[in-house]
Engineer: 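Below are the structure tokens for one structure; questions will follow.
What's counted below: heavy atoms across the whole structure, side chains too, no hydrogens, waters or symmetry copies.
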There are 2 protein chains.
Amino acid sequence: MQKQETLSKNQKIILDLIEKSDQPLKAYSILFDVKKKGINAPLQVYRALNKLVKIGKIHKIESRNAFIACKNSKCQIAKATVFSICESCEDVTEIHDHKLSEHLRDFKDNKGMKYNKYNLEFFGLCKKCI
Amino acid sequence: MQKQETLSKNQKIILDLIEKSDQPLKAYSILFDVKKKGINAPLQVYRALNKLVKIGKIHKIESRNAFIACKNSKCQIAKATVFSICESCEDVTEIHDHKLSEHLRDFKDNKGMKYNKYNLEFFGLCKKCI
DNA sequence: CTTAAATATGTTATATTATTACACAGCGTT
DNA sequence: AACGCTGTGTAATAATATAACATATTTAAG
């Protein structure tokens with residue numbers, strides 16, 4: 001049985017918003033949207049975002065400074081993320097590819113690093129934009 | 001025969017600085033350092049950085065908003081980057097692993113995306129910090 | 001059940017990262 | 001000479017993120 005995180009009020013509001021969008025949201029756009037719910041300051045948003053990232057409910061798209069919900073219920077910790085990003089329409093999809101994940105999980109360099117996390121972003125053009 | 005890019009004055013100054021550091025530099029730290037060379041404004045730095053990224057002389061470490069020189073002379077275009085990042089000391093190394101690159105280059109999802117670029121960042125602890 | 005630790009909130013101010021807009025210079029092409 | 005392209009310089013501002021402080025709430029331990 002996995003530990004079920006109990007989310008706080010702000011965390012719930014913000015996760016809710018991100019889960020309703022199938023595309024990544026930016027912190028200040030989230031802030032704008034949750035002002036009607038009484039969240040007024042950037043820091044309130046960033047605090048919730050950081051927590052949600054930490055527990056794996058959302059992921060940060062580093063190259064875009066944006067946040068997307070993780071659809072994979074098994075993904076309790078944000079330690080292995082792969083995204084596909086269309087450079088024309090900016091559509092982002094999370095990729096779950098078993099073979100690729102295996103490869104990345106098993107990767108060893110020759111520097112003696114101990115890895116516990118990775119993030120991979122593929123860029124290109126989606127079907128619509130080709 | 002590869003096209004040999006001719007760098008402009010600002011581009012040379014900034015590439016020079018980044019190449020002398022074996023660790024990633026941030027834009028405003030670069031700005032601070034090149035003020036003595038007559039580069040006064042952020043935009044001058046960002047313009048040079050963008051060009052250098054485009055031609056593959058440097059790479060951006062997306063999760064750190066920092067820029068590092070590419071040591072691989074063959075890497076003329078920044079289209080396939082893999083980094084190892086120590087989360088304790090922030091040491092960054094570019095990884096060139098043939099088998100991994102092959103895997104990433106050949107990756108196909110089932111959405112019909114046409115990829116032309118990827119960026120992979122591994123996080124963990126380096127030998128010193130374990 | 002109460003105290004201490006950990007987590008979350010709210011607010012103000014500020015730091016850091018990056019771009020827009022405008023004017024102009026240098027160079028190669030047609 | 002006129003044009004397109006790339007680069008420069010400057011000022012202003014936008015966008016992203018954190019520091020610092022005061023207080024509240026939840027959790028876990030004694």
Engineer: Which nucleotide wins on minimum distance to the side chain of B:Pro42, given the candidates C:dT12, C:dA18, D:dT16?
Structural biologist: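 Closest nucleotide among those given: C:dA18.
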Engineer: When the distance from CD1 of B:Ile30 to P of C:dT16 is rounded to whole Å, what number comes out?
Structural biologist: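 It works out to 15 Å between those atoms.
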Engineer: Under the 5.5 Å and 30° test, is A:Tyr28 stacked on the base of D:dT16?
Structural biologist: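 Aromatic stack with D:dT16 present for A:Tyr28.
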Engineer: Output yes when at least one side-chain N/O atom of A:Lys9 is less than 4.0 Å from OP1 or OP2 of C:dG10, else no.
Structural biologist: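 So the side chain of A:Lys9 is within the cut-off, an N or O lying under 4.0 Å from OP1 or OP2 of C:dG10.
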Engineer: If two hydrophobic side chains count as joined below 4.5 Å and joins carry through other members, does A:Phe123 share a cluster with A:Ile95?
Structural biologist: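 Cluster IDs for A:Phe123 and A:Ile95 differ.
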Engineer: Tell me: CZ of B:Arg64 to P of C:dT17, nearest whole Å?
Structural biologist: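 Spelled out: CZ on B:Arg64 to P on C:dT17 is 12 Å.
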Engineer: Is the shortest side-chain N/O distance from B:Asn65 to OP1 or OP2 of C:dT17 below 4.0 Å?
Structural biologist: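 For C:dT17, OP1/OP2 do not have a side-chain N/O of B:Asn65 under 4.0 Å.
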Engineer: Can you tell me how far apart CZ (B:Phe107) and CZ (A:Phe122) are? Round to the nearest 0.5 Å.
Structural biologist: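 If we round to the nearest 0.5 Å, B:Phe107:CZ and A:Phe122:CZ are 5.0 Å apart.
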Engineer: Find the distance A:Leu31:CG to C:dT11:P and express it as a whole number of Å.
Structural biologist: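 Rounded to whole Å, this separation is 12 Å.
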Engineer: Under 3.5 Å, is there a donor-acceptor pair between the side chain of A:Glu121 and the main chain of A:Ile85?
Structural biologist: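 Answer holds: no.
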Engineer: Within this structure, what is the CD-to-P distance between A:Gln44 and D:dA24, rounded to whole angstrom?
Structural biologist: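 After rounding, the reported distance stands at 15 Å.
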Engineer: What is the distance, rounded to the nearest whole Å, between atom CZ of A:Phe67 and atom P of D:dT16?
Structural biologist: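 My rounded result for the distance is 10 Å.
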Engineer: Under 4.0 Å between a side-chain nitrogen and a carboxylate oxygen: does that hold for B:Lys20 and B:Asp16?
Structural biologist: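 Here B:Lys20 pairs with B:Asp16 in a salt bridge, since their nearest N and O are under 4.0 Å apart.
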Engineer: Applying salt bridge (charged side-chain N to carboxylate O under 4.0 Å, His left out), name anything that partners B:Arg105, two or more places apart in sequence or on another chain.
Structural biologist: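 If we apply the salt bridge (charged side-chain N to carboxylate O under 4.0 Å, His left out) test to B:Arg105, skipping adjacent residues, there are no hits.
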Engineer: Quick one: which of C:dT12, C:dA21, C:dA8 gets closest to the side chain of A:Leu43?
Structural biologist: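 Nucleotide nearest to A:Leu43's side chain: C:dT12.
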Engineer: Choosing from D:dA20, C:dT19, D:dT8, which nucleotide comes nearest the side chain of A:Arg47?
Structural biologist: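 The closest nucleotide is D:dA20.
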Engineer: Please report the distance, rounded to the nearest Å, between NZ in A:Lys51 and C1' in C:dT7.
Structural biologist: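 Whole-Å distance recorded here is 7 Å.
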Engineer: Expressed as a whole number of angstroms, how long is the span from A:Tyr46:OH to C:dA15:C1'?
Structural biologist: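 Computing the A:Tyr46:OH to C:dA15:C1' distance gives 12 Å.
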Engineer: Regarding A:Ile39, tell me which of base, sugar-phosphate or nothing describes its non-hydrogen contacts under 4.0 Å with the strands shown.
Structural biologist: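 Counting heavy atoms under 4.0 Å across all strands, no contact is made by A:Ile39.
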Engineer: Does a side-chain N or O of B:Lys26 approach OP1 or OP2 of C:dT17 to a distance below 4.0 Å, or not?
Structural biologist: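 For C:dT17, OP1 or OP2 has a side-chain N or O of B:Lys26 closer than 4.0 Å.
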Engineer: Among C:dT17, C:dG10, D:dT18, which nucleotide sits nearest the side chain of A:Asn50?
Structural biologist: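 Ranking C:dT17, C:dG10, D:dT18 by closest atom to the A:Asn50 side chain puts D:dT18 first.
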Engineer: Nearest to the side chain of A:Asn10, which nucleotide is it out of D:dT16, D:dA20, C:dG10?
Structural biologist: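 Shortest atom-to-atom distance from the side chain points to C:dG10.
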Engineer: Choose from C:dT11, D:dG7, D:dG9 the nucleotide whose nearest atom is closest to any side-chain atom of B:Ser8.
Structural biologist: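 Closest of the options to the side chain of B:Ser8: D:dG7.
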Engineer: Please determine if A:Glu90 and A:Arg64 form a salt bridge, counting it only when a charged side-chain N lies under 4.0 Å from a carboxylate O.
Structural biologist: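 Result for this pair is yes, salt bridge flagged.
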Engineer: Is B:Asn40 near enough to D:dG9 that one of its side-chain N or O atoms lies under 4.0 angstrom from OP1 or OP2?
Structural biologist: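 Indeed not, no polar side-chain atom of B:Asn40 lies that close.
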Engineer: When the distance from CG of A:Leu25 to P of D:dA17 is rounded to whole Å, what number comes out?
Structural biologist: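 Distance check: A:Leu25 CG to D:dA17 P gives 13 Å.
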Engineer: Establish, with yes or no, whether the OP1 or OP2 oxygen of C:dA18 is under 4.0 angstrom from a side-chain nitrogen or oxygen of B:Lys60.
Structural biologist: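 For C:dA18, OP1 or OP2 has a side-chain N or O of B:Lys60 closer than 4.0 Å.
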